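Chain identifiers are assigned alphabetically (A, B, ...) following the order of the sequence lines, protein sequences preceding nucleic acid strands; residue numbering begins at 1 within each chain. What you see is a predicted model, and the numbers here were worked out from it, not measured in a lab.
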Number of protein chains: 2
Amino acid sequence: MTQAQILSRNQQIVLDIIEKAKGPLKAYSILFNVQKKGINAPQQIYRALDKLIEMGKIHKIESKNAFVACRISDCEISNATAFSICESCEKVDEISDAKLSKYLSSFNHKKGMKFKRFNLEFFGLCKKCK
Amino acid sequence: MTQAQILSRNQQIVLDIIEKAKGPLKAYSILFNVQKKGINAPQQIYRALDKLIEMGKIHKIESKNAFVACRISDCEISNATAFSICESCEKVDEISDAKLSKYLSSFNHKKGMKFKRFNLEFFGLCKKCK
DNA sequence: TAACAAAGTGTTATAATATAACATTTATTA
DNA sequence: TAATAAATGTTATATTATAACACTTTGTTA
């Protein structure tokens, strides 16, 4: 049984904002949103983001330098992430597909590398934007 | 038959450096390397990088904000990229695996998104670093 | 081939993203 | 409760990327 993680004050504030957001949030946009709560410096945001990522509570969308809440496997360390990204409306969805995940997790590069983790980003147009 | 692309002066300079490099290069490291050739501003680098990416000559490693030459399908627009990244020595290899590529290219998100492009980054330890 | 359009260049300035370093406080655990 | 680990607050700065504008080169077509 996995112990529910206790978050520090700043971590909780940052996570709340990311969870409430409809799409990926950028670090500085989070910062501007929490200045009323007494968080004033980028460091404070980035530190919280780092921890939340470590805990698997959020993910970074690398192609956008932005952060989304994990909707899939709460409280798991995320070593297998996949996202669909709409190039028009910027909507991002986390993809939870057991087959895909299994396929990629067991994929081994011929050149002898054993993988610990992967991140996959699909780009296209979402249903709405099509 | 695909017409061999003619590169502009700056594009060629930037591509040469990336092709000669053993690993991924960052934009500003490219800049410092070409100042002797009269390129002085980030813009000039980023413009060349953008075009080279469009042409499929290079790829961006999103998790590293760095650029590598395409060793796989020269002169093709790259809508299906996969890389293995060593977390210890930072070595990056482009993965060319027909099965993997086919599998991912035909993957469709249940929620109705049709993908145009994907980028996959695997992380682990390379043979040497293991 | 002149004239127009498209692509590329050079430059200055600045925006956006991220980390270093250090002093202090809070929480945990031995 | 002392020692240690984790988190915080703060200032400064490094790194990555784009905006805007004037100019030049290249390619196209009338």
Between [atom2] of [N] and [atom1] of [X], the distance in whole Å:
| X | N | atom1 | atom2 | answer |
| --- | --- | --- | --- | --- |
| A:I53 | C:dT17 | CD1 | C1' | 14 Å |
| A:L52 | D:dT8 | CG | P | 10 Å |
| B:Q35 | C:dG10 | CD | C1' | 14 Å |
| A:I6 | D:dA6 | CD1 | C1' | 13 Å |

| said: Any donor-acceptor pair, under 3.5 Å, between the side chain of A:Y46 and the base of C:dA20, if you only look at N and O atoms? | reply: no
| message | Could you check whether the side chain of A:Y28 and the base of C:dA18 have a donor-acceptor pair of N or O atoms closer than 3.5 Å, going by distance alone? | response | yes
For [N], does either OP1 or OP2 sit under 4.0 Å from a side-chain N or O belonging to [X]?
| X | N | value |
| --- | --- | --- |
| A:N40 | D:dT10 | yes |
| A:K26 | C:dA16 | no |
| A:S8 | C:dT26 | no |
| A:K51 | D:dT8 | no |
| B:Q44 | C:dT9 | no |
| B:K60 | D:dA17 | yes |
| A:Q43 | C:dA18 | no |
| A:N65 | C:dA18 | yes |

| task | Measure from the side chain of B:A27, starting at C-beta and using heavy atoms only, and say which of D:dA17, C:dA18, C:dG10 lies closest. | result | D:dA17
| said: If you only use heavy atoms from C-beta on, which nucleotide in C:dT11, D:dT16, D:dT8 is closest to the side chain of A:N10? | reply: D:dT8
| message | Is the distance between the ring centroids of A:F83 and A:F122 under 6.0 Å? | response | no
| field | Check: B:F123 ring centre within less than 6.0 Å of A:F118 ring centre | value | no
| How is A:R47 classified with respect to the nucleic acid when contacts are heavy atoms under 4.0 Å: base, sugar-phosphate, or nothing? | base
| field | Charged N-O contact under 4.0 Å between B:E90 and B:K64 | value | yes
| said: Is it the case that the side chain of B:N40 and the backbone of B:G38 share a donor-acceptor pair, with hydrogens and angles ignored and the cut-off at 3.5 Å? | reply: yes
| Minimum-distance pair of heavy atoms, taken over all atoms of A:I85 and A:S63 | CD1-OG, 3.7 Å
